[in-house]
There are 2 protein chains.
Amino acid sequence: MSTDLFSTYGDLLDRTARKVKQYAQRRFNAENYDITVDQWLILRNLNQNNDLNQSQLAEITDKDHPTLTRIIDLLCKKGLTERRIHPADRRSFNVHLTELGKHHVAEWSPKMAEIRMKAWENLTEADYKNLKRILDTIYKNLDGVKSEGTDKV
Amino acid sequence: MSTDLFSTYGDLLDRTARKVKQYAQRRFNAENYDITVDQWLILRNLNQNNDLNQSQLAEITDKDHPTLTRIIDLLCKKGLTERRIHPADRRSFNVHLTELGKHHVAEWSPKMAEIRMKAWENLTEADYKNLKRILDTIYKNLDGVKSEGTDKV
DNA sequence: TAATAATAGTTAGTGTGACAAATATCGGAA
DNA sequence: TTCCGATATTTGTCACACTAACTATTATTA
């Protein structure tokens, strides 16, 4: 494969991901939803699977632990989640979506879906499937190669 | 189009872009290249088009101005670039790739290309073209809608 | 049981992104 | 010439990503 042709896919991905996030955030702000895109990701996952501990939540949402710690801090400050001590393991917490949290997820979900759909104008379901396949392949190609060539570090 | 099907493309994009960046950064570190992925993007663009001012550079690289200011600060600290006063406009600088900067671009480029290619295993040129078309369409769909619905903000 | 390893989570440091506001300068109109 | 709206860059603040180091707790095992 030609090296040149593929040389900038990383920048392309980066700039598109940023655009998507930025667009969503602006729409959130416009609706006076006091929430960030990443915080919403956590809420959405908690809504489907409440009372996970932070490690499980980090796994599901592809966030690293320090990042998740801070996001949970912010969500707790807003009263949308709370940390409940794990009955059997005092090292870990169950992250619990509060009633207020559930309320906002229910209230905001329709608009969130609408906001997301904006990106798909002029694109088809086949495009989506292709995109998903390609991105998943890229992810897998680069995943789990943490130690490769890192002997000098 | 079904709303559910497309609901998580944002997370998919975000996580893939992060993986690509993370992989590249680890390889950079493994090679003892004292540079970040975003700094490299700037260097690469300067190499093709030296002595742009920061606004032009921000435009080309899709960085906002404050971010670019800080990246240039870091590159200047490393001696890879320097700010030269614009002969006609004292508000702006020409960002100049130094000899050291040029040297590193030349030295590092082959490895950078190799690192980028890793992501494309099991994928074809047609996949790349599709990916580019889809991401560009998404970008355009969301671009220039800054003010839409932002009346409350 | 005491020492050790592994796990859950937090904190700190650096780099980046978005946004708002400040500063300096430029260019044109009154 | 002076004023005023644009332009170029910087600074400050908050949020997130990644690494490394740290605390507390649990599990292992000698």
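Naming: A, B, ... by sequence-line order, numbering from 1 per chain. For the numbers below, each heavy atom of this structure counts, side chains included, while hydrogens, waters and symmetry mates do not. Keep in mind it's a predicted model, so treat the numbers as computed, not measured.
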Between A:S92 and A:Q25, the residue closer to the 5' end of DNA chain C by nearest nucleotide is A:S92
Please enumerate all residues that pass side chain to side chain donor-acceptor pair (under 3.5 Å) together with [X], with sequence neighbours excluded.
| X | result |
| --- | --- |
| A:K140 | none |
| A:H96 | A:D51, A:R84 |
| B:D89 | B:R91 |

If you define the side chain from C-beta out and look only at heavy atoms, does anything of [X] sit under 4.5 Å from [Y]?
| X | Y | answer |
| --- | --- | --- |
| B:I138 | B:I134 | yes |
| A:K19 | A:R15 | no |
| A:I71 | A:L41 | no |
| B:W108 | B:F28 | no |

Taking [atom1] from [X] and [atom2] from [N], how many angstroms apart are they, rounded to a whole number?
| X | N | atom1 | atom2 | result |
| --- | --- | --- | --- | --- |
| A:R91 | C:dA6 | CZ | C1' | 8 Å |
| A:R26 | C:dC19 | CZ | C1' | 9 Å |
| A:D89 | D:dT26 | CG | P | 6 Å |
| A:Q22 | D:dC14 | CD | P | 20 Å |
| B:I72 | D:dT11 | CD1 | C1' | 17 Å |
| A:N29 | C:dA18 | CG | P | 13 Å |

Expected list for residues 40-55 of chain B near DNA chain D, using heavy atoms below 4.0 Å, is B:N53, B:Q54, B:S55
By side-chain contact (heavy atoms from CB on, under 4.5 Å), B:K111 pairs with (sequence neighbours left out) B:R27, B:E31, B:Y33, B:E114, B:I115
Across all chains, not counting sequence neighbours, the side-chain contact (heavy atoms from CB on, under 4.5 Å) partners of B:E59 are none
Give me the distances for all protein-to-nucleotides 3-5 of chain C N/O pairs that come in under 3.5 Å?
none

Per the under-4.0 Å heavy-atom filter, residues of residues 80-88 of chain A near DNA chain C come out as A:R83
For residues 38-49 of chain A, the salt bridge (Lys or Arg N to Asp or Glu O under 4.0 Å) pairs (sequence neighbours left out) are A:K21-A:D38, A:D38-A:K63, A:R44-B:D11
Sorted by chain and residue number, the ring-ring contact (aromatic ring centres under 6.0 Å, His included) partners of A:Y139 (sequence neighbours excluded) come out as none
Hits for ring-ring contact (aromatic ring centres under 6.0 Å, His included) against B:F93, two or more places apart or cross-chain, chain-then-number order -> none
Q: May I ask you to verify if any side-chain N or O of A:R90 is less than 4.0 angstrom from the OP1 or OP2 atom of D:dT26?
A: yes
Counting only heavy atoms not in A:L100, do more than 12 sit closer than 6.0 Å to its CG atom?
yes
The contact string for nucleotides 11-17 of chain C, one letter per nucleotide 5' to 3', using protein heavy atoms under 4.0 Å with B, S and - for base, sugar-phosphate only and none, comes out as BBB-SSB
